[in-house]
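Contents: one structure, followed by commentary.
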2 protein chains.
Amino acid sequence: MRRIDAEIAAEGGKRSRSRAQIMEVFFRSGRHLTVDELTRKVRVRNRNIGSATVYRTLKLLSRLGYVKELDFGEGVKRYESSLTAHHDHLVCTECGKVSEFEEPRIESLQEEVAREHGFSPTMHRLAIYGVCGRCGPPATGKGEE
Amino acid sequence: MRRIDAEIAAEGGKRSRSRAQIMEVFFRSGRHLTVDELTRKVRVRNRNIGSATVYRTLKLLSRLGYVKELDFGEGVKRYESSLTAHHDHLVCTECGKVSEFEEPRIESLQEEVAREHGFSPTMHRLAIYGVCGRCGPPATGKGEE
DNA sequence: TTGAATATGAAATTCATTCTCATGATATAG
DNA sequence: CTATATCATGAGAATGAATTTCATATTCAA
Ligand SMILES: [Mn+2]
Ligand SMILES: [Mn+2]
Ligand SMILES: [Zn+2]
Ligand SMILES: [Zn+2]
């Protein structure tokens, strides 16, 4: 965590209280936050922090590889720490719940497909949309209504 | 193609010259167009058509299921006919070229993963980013500078 | 042909994100 | 510690894609 400050300093950057607070709240919060959600959380600690600085901090962390930008097509970006293992997402179109999954077989098939098309893959985005267990059919049985 | 007009009429909609021209140009054009690109093409035929109508037409076709909205994270949406078979995309981060692929094994693994998490999947988005054959290493051999 | 309903184009609006700019904080040399 | 050069900040302005508004034009069934 101090490693990030070191990396910023190595690039000629300076430390700052605002950025430190934003990073702390971000890495201690749940995943898949929007800038607006994060800004609110940060402002509980320090009411003076503006969202421009939250944007800047996330962009910086993204450039340094500590944060991943997510886009589930909501018109707003979401962010998560990239310190956790790679995974893809399941998004409930009813309640918005986001779950994570890892499926190595999908990963290697993607590599394979890319190679077959002459592409050197560098990243991918996979999101599966649907209805989660809570919002969907009541566990066992047929549909009602 | 007249089927779409019928469906619109069934919903209480009326035909219009502008919309007909937009639909024709759209379905006769290459895939993965932006609104701006489509608007330009349409304006060659009819200089009076505004982009608001192009947006409206694509939204309508999307609601009726004839068009799919794509988002490759460029900050602009792209559109393609959904009359072709389902497929996912490869996007070159150098030249922007978009290729298509079908991989049934990935599709069924997605179904499986969703079910394991209690999700009823309704759709997914998969895009693989990388460097295409033309932009990448020159076929056979090592990298040069 | 009429008239109620829908569609249109231009311009205004929205909203997330980025940029600008004046001010504040930070680090380092002396 | 202090000066000073550089970087970071917060507020608000600017941007740009997408949507909405509104007055007018078109469609279509009666
Ligand atoms: Mn995640
Ligand atoms: Mn396609
Ligand atoms: Zn749900
Ligand atoms: Zn390319």
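Residue numbers start from 1 in every chain, and the chains themselves are labelled A, B, ... in the order their sequence lines are given, proteins ahead of strands.
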- Kindly write out the residues that satisfy side-chain hydrogen bond (donor to acceptor under 3.5 Å, both in side chains) with B/E74, not counting sequence neighbours, or none if the list is empty. B/R78
Provide, to the nearest angstrom, the distance between the [atom1] atom belonging to [X] and the [atom2] atom belonging to [N].
X	N	atom1	atom2	result
A/D71	D/dA17	CG	C1'	14 Å
B/L60	D/dT19	CG	P	13 Å
A/E74	D/dA18	CD	P	16 Å

- Query: Is it the case that A/H32 and A/E80 place a side-chain donor and acceptor less than 3.5 Å from each other?
  - Reply: yes
How long is the span from the [atom1] atom in [X] to the [atom2] atom in [Y], to the nearest 0.5 Å?
X	Y	atom1	atom2	result
A/F101	B/H117	CZ	NE2	7.5 Å
B/R28	B/M23	CZ	CE	11.0 Å
B/R40	B/S51	CZ	OG	10.5 Å

Is the shortest side-chain heavy-atom distance between [X] and [Y] below 4.5 Å?
X	Y	result
B/L58	B/E69	no
B/K68	B/M123	no
B/I8	B/L64	yes
A/Y79	A/L33	no

- Heavy-atom protein contacts under 4.0 Å, nucleotides 20-30 of chain D, coded B base, S sugar-phosphate only, - none: BB-----BS--
- Message: Let's see if you get this right: which residues in residues 24-51 of chain A place a heavy atom under 4.0 Å from DNA chain D?
- Response: A/N48, A/I49, A/G50
- Task: Start with the C-alpha gap between B/V98 and B/F72, add the side-chain angles, then the distance that decides, and say whether side-chain contact (heavy atoms from CB on, under 4.5 Å) holds.
- Result: CA-CA 10 Å; B/V98 177; B/F72 298 140; 3.8 Å; yes
- Item | Under 3.5 Å donor-acceptor, A/R19 side chain and A/D5 backbone | no
- Span of DNA chain C in contact with chain A (heavy atoms, under 4.0 Å): C/dA16 to C/dA27
- Query: Do you know the tightest heavy-atom contact between A/D71 and A/Y129?
  - Reply: O-OH, 4.5 Å
- Tell me, please, which residues at least two apart from B/E116 pass salt bridge (Lys or Arg N to Asp or Glu O under 4.0 Å). none
Using the 3.5 Å cut-off, write out each protein N or O paired with an N or O of nucleotides 13-16 of chain D and the distance between them.
none

